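Reading through the structure tokens given below for one structure.
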Amino acid sequence: MIMKINIKYAALSLLAVAGITMTSCSDDESYDVYGNNSNFIYIAPQDYSKGFTCEVMTTPAGVYGQVSATMRVQVQLPTKDTVKVSAEVKASQDLVDAYNEEHGTDYILPSQDILSGMKVLSTSGVGANKKNSADGDEIKVQLDASKIEKFKVEDAENAPTYVIPVSLKFDGAEGPGTDRPFAVSQQQGIAYIVVKTSKADNFSSISSDQVVESNIVKTPVGIFGGISASFQFKNLIAITGDMQGTLVADNSLVNTYNAKYSANCQALPSNILSALTITPATVKEGETQCEGAIKVSVPEDLTKNLEGSYVLPLRLKTTFANGATVDEDDVVYVVVGVKTSLVNDDASSILGTKADASAFSVVSAENMDPAKYGDLFAGGWSSRWAFSNKGDKASFVLDLKETKGIVGFGCDGYAVNNYTVSVSADNSKWIELGNTSGHKSVRNDEYVDVYVLYGAVNCRYVKYEFNLNANDWSWRYDYAGITGLYLYFQ
């Protein structure tokens, strides 16, 4: 195929492309020019300098890749002519040897059978007499897809690299004519297409997190959450045709997960596995990343009776455009946690009545002096129950003096990262209400975060366990401690 290139005006700094030299023969300002008198046609420097490298990969489902080069064409000197340029493969071992010597490589010239599949693609030209640039149109050389199979690799450790020399070809000019003949540059008129081959047994892989948590939360008003997750996958290179990816459950990997992550998860029951819904995702032709994600879900009504911790191992499976399927090496894990929550994260208001905490007594405390509990109610700026020592932990247990139905809790202070509140009827068996870092709160009139329960929990003892910030500024001024205690009862 032939492409017409309308030449624009080029800078004379490109004389180097033509290999023209200038030599001074006397002391005056006249010079003699020696060298080739041609107006040289060459590959645009920005394309030539970056080179042309392609990848072809042998996979379990076939050989994939594309061998092509796209190059813009220029001429050295301004002209009003329209120059016709195409390209041709140079099946020259001498050119390959010269390339290897220059670059320190040992690339191979492909067989004549492969080279015969190289095709020249071109587009129409542009108008002549444009003075801004000498750019022409692009020439694209591409190997016929039927020849890609010829690059199949049997031994991954000895995959060869090939190089294909492709030269610009001058096919004549149309126009008023020029005083210089046109010729293809011997240096910058040849493109070298490097074809790197490889063999990949694991062509596709998971490109998102490989461990995803999916929680089921049991509350006094119902069970929320279920088993659902999504994962993305990608290919090593872009290929011809769409590729589909899905996930297949594999409970034989439960022990593998537990050993790797020091966990003690169970395998999901068979009735849940049989109800598993998996929606595949697709990597479109020419892309490497899938559109959307592979989605995994189980009907929520089947998960309501689960107790404890589970793990669902899933192995990636891909299907190529030719129908070939591959069980990939990558495995993902959906970790299912079943927990009970008494804190209502969707509460819009505080329940019950705030108690006068000064009426309660301290049964025990860690890193807090029970005798100083009354300091919390002294009034004024200095009212606080201080932490005894700078550290990471502190706790206390209150006796409510009678059984009460607790519906909310809160605390204000300095150097507190978060805290857990538990309740008991006998100061022996405890029910955890929740940790503040994992729940949402409602602000009271004093702008303190209060954590609201779904309903009342009867108790006589309340325990606060604090995780402290040992680097908080308040330690330096003896402010570290709690400044407010908020307990709400039915």
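Since the structure is predicted, the reported quantities are computational estimates derived from the model, not experimental observations.
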inquiry  = Is there a salt bridge (Lys or Arg N to Asp or Glu O under 4.0 Å) between R443 and D449? Walk through the geometry before answering.
reply    = CA-CA 5 Å; R443 289 284 178 91; D449 291 321; 2.7 Å; yes
task = Evaluate the ring pair (Phe, Tyr, Trp, His ring centres under 6.0 Å) criterion for residues F203 and F320: first the C-alpha distance (whole Å), next the side-chain angles of each, then the deciding distance (0.1 Å), finally the verdict.
result = CA-CA 11 Å; F203 181 72; F320 288 76; 5.8 Å; yes
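Residue-environment remark: CG (N264) stays at or below the threshold of 12 foreign heavy atoms within 6.0 Å. Around CG of D445, the count of heavy atoms belonging to other residues, nucleotides or ligands within 6.0 Å does not exceed 12.
Relative ring orientation between F466 and F396 is described as tilted, the plane-to-plane angle lying within the 30° to 60° band. Ring-plane geometry between Y414 and W381 is classed as perpendicular, the angle between the planes exceeding 60 degrees on a 0 to 90 degree scale with a lower cut at 30. Taking the six-membered ring where the residue is Trp, Y373 and F377 present perpendicular rings, their angle passing 60° and hence far from 30°.
Formation of a donor-acceptor pair under 3.5 Å by the K199 side chain with backbone atoms of K152 is not found in this model. Judged by distance alone, the side chain of D375 and the main-chain N or O of S383 form no donor-acceptor pair under 3.5 Å.
Side-chain atoms of D426 and S428 form no donor-acceptor pair, as typed in the model, at a separation below 3.5 Å.
The aromatic ring centres of F151 and Y162 sit less than 6.0 Å apart.
With Y64 as the partner, the side-chain contact (heavy atoms from CB on, under 4.5 Å) test is satisfied by one option alone out of V56, T58, T59: T59.
Of all non-hydrogen atoms in Y461 and A425, the two that sit nearest each other are CE1-O, 3.8 Å.
Note that CG of N344 and CG of L351 are 8.0 Å apart. Values are rounded to the nearest 0.5 Å.
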